[in-house]
A.B. asks: 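Take this structure, written in structure tokens, and hold onto it; I'll ask about it next.
The sequence lines fix the lettering, A, B, ..., with proteins before strands; numbering per chain opens at 1.
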Protein chains: 2
Amino acid sequence: MPGRTQRKFTDSLGKQPLADFKVGVDNAIFSVDTSQNRLLVLLVMRHQEPFLNYWGLPGTLVRQGESLEDAAYRILAEKIKVKNLYLEQLYTFGGPNRDPRESVDSFGVRYLSVSYFALVRFEEAELIADGVSGIAWYPVKDLPQLAFDHSDILAYGHRRLKNKLEYSPVAFEVLPELFTLSDLYQLYATVLGDNFADYSNFRARLLKLGFLSDTKVKVSRGAGRPATLYRFDAEAFAPFKDKPLVFI
Amino acid sequence: MPGRTQRKFTDSLGKQPLADFKVGVDNAIFSVDTSQNRLLVLLVMRHQEPFLNYWGLPGTLVRQGESLEDAAYRILAEKIKVKNLYLEQLYTFGGPNRDPRESVDSFGVRYLSVSYFALVRFEEAELIADGVSGIAWYPVKDLPQLAFDHSDILAYGHRRLKNKLEYSPVAFEVLPELFTLSDLYQLYATVLGDNFADYSNFRARLLKLGFLSDTKVKVSRGAGRPATLYRFDAEAFAPFKDKPLVFI
DNA sequence: TCAAAAGTGTTTAGGATACACCCATGC
DNA sequence: GCATGGGTGTATCCTAAACACTTTTGA
């Protein structure tokens, strides 16, 4: 489990031989459905053992000549088409016996999982249905039982996503180039939950920071006053790198 | 490099066979020498290729039946004796060709490194000198050239340590059970650098939070007014878990 | 008695929070 | 006109930050 550890030493293995590993990559791919205020995660139905017919995170084993990150992009590209995304490494799970395959089809080969988390734009993400395999967005508040330790990975990814939003401009990787302040607010509010600042304060704070440039263009969406479109100005954001809680 | 990534997809490997891995664990072990206000990191001199006679992080390869964390504790215990420590996983580096051994002595075996970072109490840490191997504390501000990508790992570990201090009670894992507020302040100031709050404000803030219990015991260290010894009250800290910036 | 370290208090400026309120549009 | 969402302003409270000051010890 990620996080804090405090433990006694256990050095009693003597001089065991080295373990041989296959390395897997599992992706926790999130998106935000702003129309329904839901945070979603991409799950795929497994069609082979172990955990046949369970939902799980899209994953793959790393191939020769392929970097970990390459593998993460490959499996992502096999499941959805997106133009914009944010991706970063999460955590590496590697205890012995975490994967049932270790006991059966192998001579002591261990399976290690490097997990990645990604954020993609829901509206532009096209799921790739290959005819057989189930693939679907699930609300993180209402998940089925998952294969392996994928619920742990997901919980950890969710926590990381919330933290990221608070200090880094990930949101803009996933918003269209031009967006309204409510778009931005919706995204924050649905990811961070309800005990989040109110709209007018969020608005005032962000505008004051000065890295959102007003395009003067208005857009009308149904009823109500038309909203101004803004653009994220990466240069103007530079001074805020490494500063905590920019967005709170 | 850890952190943000945004990149085009590269799926052009066709159906390569899976890669076989050996998995290494590298530890960035930090400690704080409060008497000299320096943040230190533990380095060992390498006595074999690759990078013969370079300094590097203490590391080892994972053995059969051993978890990643077990391996991290094992290598740590081989180098120093400590009673208290904090240890957590950092990042996994696993691109092809990051380790020179991949090209020579193996048939396509890849080397992957899972890095851990640890914080130990400087005063109680006893280096284990095995006669031959060099092993030493180096100030992070003044490092020699390191083997592999160990400088990257270290830089990342340092960043993580600074963040941890700001919201989590790691400091108390590494302070004696009873400590003075200056002890605590020194630790924060030397890790976080000089643009840190002044002593009196730090003091006032922490006491107000209410998870430091006054033991009423005074201790005199040379000249100056004797200091009060405090104890960290984990229960009283509970409400602050998951709250950002508790300590700065 | 003086330097050194611990501990207290005060002042000020900026930001978070909670609102009340005005504006522009579709129907 | 009126509901709907966008946008502005203001009063209050709190805390960060800077700094002056007092207390208690060893030498």
Side-chain angles (χ1 to χ4, degrees), chain A residues 34-37 165-167 175-176 178-190 192-231 239-240 243-248, chain B residues 34-37 165-167 175-176 178-190 192-231 239-240 243-248:
Chain A
T34 38
S35 73
Q36 293 196 65
N37 280 24
L165 272 189
E166 291 179 348
Y167 65 88
L175 284 173
L178 302 180
F179 53 87
T180 71
L181 280 168
S182 335
D183 289 341
L184 187 61
Y185 179 72
Q186 289 309 327
L187 199 156
Y188 270 86
T190 85
L192 296 183
D194 292 320
N195 42 1
F196 186 58
D198 86 349
Y199 174 67
S200 90
N201 292 323
F202 178 80
R203 176 190 177 78
R205 192 156 19 84
L206 261 77
L207 287 179
K208 189 168 184 186
L209 293 172
F211 49 74
L212 297 183
S213 38
D214 187 335
T215 64
K216 308 289 185 194
V217 182
K218 310 283 180 193
V219 57
S220 201
R221 317 223 258 237
R225 177 174 173 172
T228 307
L229 287 175
Y230 288 84
R231 183 198 314 275
F240 299 99
K243 295 244 167 94
L245 302 193
V246 180
F247 296 92
I248 336 173
Chain B
T34 38
S35 74
Q36 295 196 64
N37 280 23
L165 272 190
E166 290 177 349
Y167 66 87
L175 284 173
L178 302 180
F179 52 87
T180 71
L181 280 169
S182 336
D183 289 342
L184 187 62
Y185 179 72
Q186 289 308 327
L187 200 156
Y188 271 86
T190 85
L192 296 182
D194 292 321
N195 43 0
F196 185 60
D198 86 349
Y199 174 68
S200 90
N201 291 325
F202 178 79
R203 176 191 177 77
R205 192 156 18 83
L206 260 77
L207 287 179
K208 190 171 182 185
L209 292 172
F211 50 74
L212 297 183
S213 37
D214 187 335
T215 64
K216 307 291 185 191
V217 182
K218 310 286 179 192
V219 57
S220 198
R221 317 223 259 239
R225 176 174 176 171
T228 307
L229 287 175
Y230 288 84
R231 182 199 313 275
F240 299 98
K243 296 243 166 96
L245 301 195
V246 179
F247 293 92
I248 185 308

A.B. asks: At under 4.0 Å, does any side-chain N or O of A:K218 touch on OP1 or OP2 of C:dT25?
C.D. replies: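 Negative; the distance criterion is not met.
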A.B. asks: Would you kindly give the CG-to-C1' distance between A:L184 and D:dG6, to the nearest whole Å?
C.D. replies: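 It works out to 15 Å between those atoms.
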A.B. asks: Of A:A223 and A:D198, whose closest DNA chain C nucleotide lies nearer the 5' terminus?
C.D. replies: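 This one resolves to A:D198.
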A.B. asks: Between atom CZ in B:R225 and atom C1' in C:dA5, what is the gap in whole Å?
C.D. replies: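 In whole Å, C:dA5 C1' lies 9 Å from B:R225 CZ.
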A.B. asks: Round to the nearest Å and state the distance from B:R205 atom CZ to D:dT15 atom P.
C.D. replies: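 Between P of D:dT15 and CZ of B:R205: 11 Å.
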A.B. asks: Answer yes or no: does a side-chain N or O of B:Y199 lie under 4.0 Å from OP1 or OP2 of C:dG7?
C.D. replies: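 Checking C:dG7 against B:Y199, a side-chain N or O does come within under 4.0 Å of OP1 or OP2.
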A.B. asks: Determine the contact category for B:T228: base if any of its heavy atoms lies under 4.0 Å from a base atom, sugar-phosphate if only primed atoms, P, OP1 or OP2 are that close, otherwise nothing.
C.D. replies: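 Answer is sugar-phosphate: B:T228 comes under 4.0 Å of backbone atoms only.
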A.B. asks: With rounding to the nearest 0.5 Å, note down the distance linking OG1 in A:T180 to CD in A:Q186.
C.D. replies: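 Answer rounded to 0.5 Å: 8.5 Å.
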A.B. asks: Between the base of C:dG9 and the side chain of B:S200, is one N or O donor paired with an acceptor at under 3.5 angstrom?
C.D. replies: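 Checked by distance alone, the answer is yes.
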A.B. asks: Measuring from atom CG of B:L184 to atom OH of B:Y199, what distance do you get when rounded to the nearest 0.5 angstrom?
C.D. replies: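 Between atom CG of B:L184 and atom OH of B:Y199 there are 9.5 Å.
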A.B. asks: In whole Å, I'd like the distance from the CG atom of B:L207 to the P atom of C:dA6.
C.D. replies: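 Roughly 14 Å, once rounded to whole Å.
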A.B. asks: Would you mind reading off the distance between B:F202 atom CZ and C:dA5 atom P, rounded to a whole angstrom?
C.D. replies: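 So the CZ-P distance, B:F202 to C:dA5, works out to 18 Å.
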A.B. asks: Within this structure, what is the CG-to-C1' distance between B:N195 and D:dA17, rounded to whole angstrom?
C.D. replies: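 Atom-to-atom, B:N195 to D:dA17, this comes out as 13 Å.
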A.B. asks: According to a strict under-4.0 Å criterion, is A:S220 in side-chain N/O contact with OP1 or OP2 of C:dT25?
C.D. replies: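 No, A:S220 has no side-chain N/O under 4.0 Å of OP1/OP2 on C:dT25.
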A.B. asks: At under 4.0 Å, does any side-chain N or O of B:R203 touch on OP1 or OP2 of C:dG7?
C.D. replies: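 Yes, within the criterion.
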A.B. asks: Given A:F247, which of A:F211, A:F240, A:Y185 fulfils the ring-ring contact (aromatic ring centres under 6.0 Å, His included) condition?
C.D. replies: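 Only one of A:F211, A:F240, A:Y185 forms a ring-ring contact (aromatic ring centres under 6.0 Å, His included) with A:F247, namely A:F211.
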A.B. asks: 5'-most contact on DNA chain C: B:N201 or A:N201, nearest heavy atom basis?
C.D. replies: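 Here B:N201 is the residue nearer the 5' end.
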A.B. asks: Without decimals, in angstroms, what is the distance between A:L181 CG and C:dA24 C1'?
C.D. replies: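 Atom-to-atom, A:L181 to C:dA24, this comes out as 16 Å.
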A.B. asks: Taking atom P of D:dA27 as reference, at what distance in whole Å does atom CZ of B:R221 sit?
C.D. replies: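 Taking CZ of B:R221 and P of D:dA27, I get 15 Å after rounding.
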A.B. asks: By the definition side chain to side chain contact (heavy atoms under 4.5 Å, CB included), identify the one residue from B:L206, B:L207, B:L178 that meets it with B:Y230.
C.D. replies: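 Of the listed residues B:L206, B:L207, B:L178, the side chain to side chain contact (heavy atoms under 4.5 Å, CB included) partner of B:Y230 is B:L207.
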A.B. asks: How about A:K216 and A:T228: does a side-chain donor come under 3.5 Å of a side-chain acceptor?
C.D. replies: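 Absent: no donor and acceptor within the cut-off.
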